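Hydrogens, waters and symmetry mates play no part in the numbers below; they use all other heavy atoms, side chains included. The model shown is predicted, which means the values in this text are computed figures rather than measured ones.
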Amino acid sequence: MKHIKLSFWGFLAGLAVLWLLADLRLEMPSGFGSWRNALINFTGIMGMGVMSVALMLAARPLLLEPFLGGLDKMYRLHKWLGISGLVWVTLHWLCKQSPGWLTNLGYLERHAHERAPEPANPIFKFLQSQRGLAEGVGEWAFYATVLLMVLALVKWFPYHLFFKTHRWLAVAYLFLVFHAVVLMKFSYWGQLMGPVMALLMLGGSLAAVVILLRRVGLSHRVLGVVTQVHAHKPVRVLEVGVQLQGRWSGHQSGQFVFVRFDSVEGAHPFTISSAWTGDGHMVFLIKGLGDYTTLLPDRLKLGDPVHIEGPYGQFNFDSDCERQIWVGGGIGITPFVARLEELVLAPQAKPIDLFYATASPYHLAIHKLKLLAREARVTLHVLVEAHDGRLTAQSICALVPDWRLGDIWFCGPARFGHALQTDFAARGLPGKNFHDELFDLR
């Protein structure tokens with residue numbers, strides 16, 4: 001999380017500094033009109049900047065995964081940038097509309113608009129001729145952007161509708177690019193601000209086209225077929241086996257893929273629950289948490305086609321620490337199952353303790369987990385909340401006295417993970433030694 005926080009605030013600060021160098025170094029605003037124009041320019045620059053990066057992240061660039069900590073972290077940054085963009089474009093709109101409102105309320109006097117002198121630069125002259133169209137297009141694109149972003153943030157909005165409507169933000173963005181290019185202060189183009197904004201909007205526009213043409217992740221997609229469907233009804237978990245039918249470069253335990261069983265519903269991210277052995281087979285453990293995953297056991301059949309895209313994620317158990325502590329909460333046990341299978345095939349000497357915390361014990365799954373942990377030479381601790389209470393940093397430290405020599409890998413409910421991370425940080429665990437997977441990509 002540290003990298004995405006630094007990236008978010010660093011980008012905002014860098015863009016703000018560029019605007020200051022391009023705008024306020026010339027002269028300080030004086031009077032309402034001057035300050036309003038400066039704020040219109042500032043909020044417009046900030047809004048287009050953050051939305052451009054958000055669009056580029058939505059295209060799932062694999063090159064950024066190592067730096068930002070995986071696609072799950074990239075999507076969290078995408079979400080923060082999207083919310084920030086919503087705030088900036090709303091402030092931009094408010095700055096634009098404020099004179100009319102203040103005049104109607106009697107706080108400002110209405111002044112006749114002075115006709116601007118004819119621009120000598122032919123490019124500037126052309127942009128000036130498009131101002132009316134750009135303002136109208138920008139206003140309607142703003143309304144569409146606000147609506148689509150609000151729908152994306154509302155959790156009760158069905159995923160399959162979110163999946164379809166969220167793509168239309170790319171269309172609204174392209175209209176906003178036209179609005180920005182025409183109306184951006186012409187003097188910016190001759191300063192560092194101009195090339196930076198041009199690159200950002202070009203990158204965002206290319207990403208928008210990729211999204212609209214449904215080409216995201218095209219180079220790492222593969223077809224498969226369902227070979228196993230087994231419902232573990234007591235815990236509402238569906239075990240699905242898939243046989244890939246195309247070229248697949250393999251995956252690391254702990255990674256996830258986007259799986260599309262149904263073209264209407266769209267792709268959902270699921271952690272791979274099996275080690276890669278080169279035979280094209282993978283397994284998923286899918287918890288019934290929403291309408292789609294709850295009904296999936298009744299819809300999925302042997303032989304059904306599957307579209308797989310990935311793999312993504314940096315939750316790969318790669319560290320230089322002397323030992324590791326794994327914590328799986330509920331269905332968050334899935335990446336650890338894959339890693340256990342991997343360790344059975346390729347044992348290592350590093351001591352590992354796996355804590356499996358569950359509120360709904362399923363004896364068959366726990367029995368299999370014990371057998372697998374024994375083969376992988378991993379010490380397993382199963383904690384059922386009703387008997388053992390909630391798993392805490394204190395109880396982990398008591399069972400693993402040399403915990404300071406290792407790092408912690410957590411996958412489970414966000415509140416549970418945040419509580420553990422906070423407690424371990426208070427005990428002196430470096431932030432870089434707590435690794436977590438962010439389930440919520442929306």
Inset, instruction - Please name the pair of heavy atoms, one in Ile272 and one in Phe284, separated by the smallest distance, quoted to 0.1 Å. - result: CG1-CE2, 4.0 Å

Legend entry - Trp168, CH2 atom: more than 12 neighbouring heavy atoms under 6.0 Å: no

Legend entry - Over 12 foreign heavy atoms within 6.0 Å of CG, Leu213: yes

Inset, instruction - First locate atom CZ of Arg260, then atom CD of Glu265, and finally report the distance between them rounded to the nearest 0.5 Å. - result: 11.5 Å

Legend entry - Ser273 OG to Ile331 CD1 distance, which is reported to the nearest 0.5 Å: 7.0 Å

Inset, instruction - Taking all non-hydrogen atoms of both residues into account, name the closest pair between Val257 and Pro311 and its distance. - result: CG1-CA, 3.9 Å

Inset, instruction - Begin from the C-alpha positions of Leu169 and His166 and carry the test side-chain contact (heavy atoms from CB on, under 4.5 Å) through to its verdict. - result: CA-CA 6 Å; Leu169 270 171; His166 200 56; 3.3 Å; yes

Inset, instruction - First locate atom CE of Met51, then atom CE of Met201, and finally report the distance between them rounded to the nearest 0.5 Å. - result: 10.5 Å

Inset, instruction - Given side-chain contact (heavy atoms from CB on, under 4.5 Å), test Met74 with Arg60 step by step and report yes or no. - result: CA-CA 8 Å; Met74 287 165 58; Arg60 301 172 192 162; 5.6 Å; no

Legend entry - Between CD on residue Glu342 and OG1 on residue Thr277, distance to nearest 0.5 Å: 10.5 Å

Inset, instruction - Flag the pair Met48 / Met184 as yes when at least one side-chain heavy-atom distance between them is below 4.5 Å, and no otherwise. - result: no

Inset, instruction - Indicate yes or no for a side-chain donor-acceptor contact from Glu65 to the backbone of Leu71 under 3.5 Å, with no hydrogens or angles considered. - result: yes

Legend entry - Lys96 with Glu135: basic N within carboxylate O range, under 4.0 Å: yes

Inset, instruction - Quick one: pull up CG in Asp72 and CZ in Arg76 and give me the separation to the nearest 0.5 Å. - result: 8.5 Å

Inset, instruction - Ignoring hydrogens and angles, tell me if any N or O in the side chain of Ser395 forms a donor-acceptor pair with the backbone of Thr392 under 3.5 Å. - result: yes

Legend entry - Tyr173 and Thr145 side chains, donor-acceptor separation under 3.5 Å: no

Inset, instruction - Please report the closest heavy-atom contact between Met193 and Ala22, naming both atoms and the distance. - result: CB-CB, 3.8 Å

Inset, instruction - Using a 4.5 Å cut-off on heavy atoms from C-beta on, say whether the side chain of Leu153 contacts that of Lys79. - result: yes

Inset, instruction - Please state whether the rings of Phe317 and Trp326 are parallel, tilted or perpendicular, taking 30° and 60° as the class boundaries. - result: tilted

Inset, instruction - Please lay out, stage by stage, how Leu238 and Thr293 fare under the test side-chain contact (heavy atoms from CB on, under 4.5 Å). - result: CA-CA 9 Å; Leu238 181 66; Thr293 50; over 6 Å; no

Inset, instruction - Answer whether the closest heavy-atom distance between the side chains of Gln421 and Ile408 falls below 4.5 Å. - result: no

Inset, instruction - Quick one: pull up CE in Met46 and CG in Leu91 and give me the separation to the nearest 0.5 Å. - result: 10.5 Å

Inset, instruction - Find out whether Ser7 and Phe67 are in side-chain contact, i.e. whether some heavy atom of one side chain is under 4.5 Å from a heavy atom of the other. - result: yes

Legend entry - Verdict with supporting geometry, Glu322 and Lys350, side-chain contact (heavy atoms from CB on, under 4.5 Å): CA-CA 6 Å; Glu322 296 180 28; Lys350 181 182 294 187; over 6 Å; no

Legend entry - Donor-acceptor pair, side chain of Arg404 and main chain of Arg427, under 3.5 angstrom: yes

Inset, instruction - Taking all non-hydrogen atoms of both residues into account, name the closest pair between Ala134 and Leu183 and its distance. - result: CB-CG, 4.0 Å

Inset, instruction - Using the six-membered ring wherever Trp is involved, compare the ring planes of His268 and Phe270 and label them parallel, tilted or perpendicular (cut-offs 30° and 60°). - result: parallel

Legend entry - Side-chain heavy atoms of Val209 within contact of Arg215, under 4.5 Å: no

Legend entry - Minimum heavy-atom distance between Gly329 and Pro413, given as atom pair plus value: O-CD, 3.7 Å

Inset, instruction - Mark yes or no for whether Glu341, through its side chain, and Ser274, through its backbone, hold a donor-acceptor pair below 3.5 Å. - result: no

Inset, instruction - May I ask you to test the Gln245-Pro305 pair for a side-chain heavy-atom distance under 4.5 Å? - result: no

Legend entry - Minimal non-hydrogen separation, Phe175 against Ala141, with atom names: CB-CB, 3.9 Å

Legend entry - Leu62 and His220, any side-chain heavy atoms less than 4.5 Å apart: yes

Legend entry - Ionic contact status for Asp353 with Arg323, cut-off 4.0 Å: yes

Inset, instruction - Going by the side-chain contact (heavy atoms from CB on, under 4.5 Å) test, name the single residue among Phe256, Phe336, Phe315 that passes it with Thr271. - result: Phe256

Inset, instruction - Can you label the angle between the Phe258 ring and the Tyr75 ring as parallel, tilted or perpendicular, going by 30° and 60°? - result: tilted

Inset, instruction - Could you check if a side-chain atom of Val259 sits within less than 4.5 angstrom of a side-chain atom of Ile286, using non-hydrogen atoms only? - result: no

Inset, instruction - Determine, using ring centers only, whether Phe42 and Trp88 are less than 6.0 Å apart. - result: yes

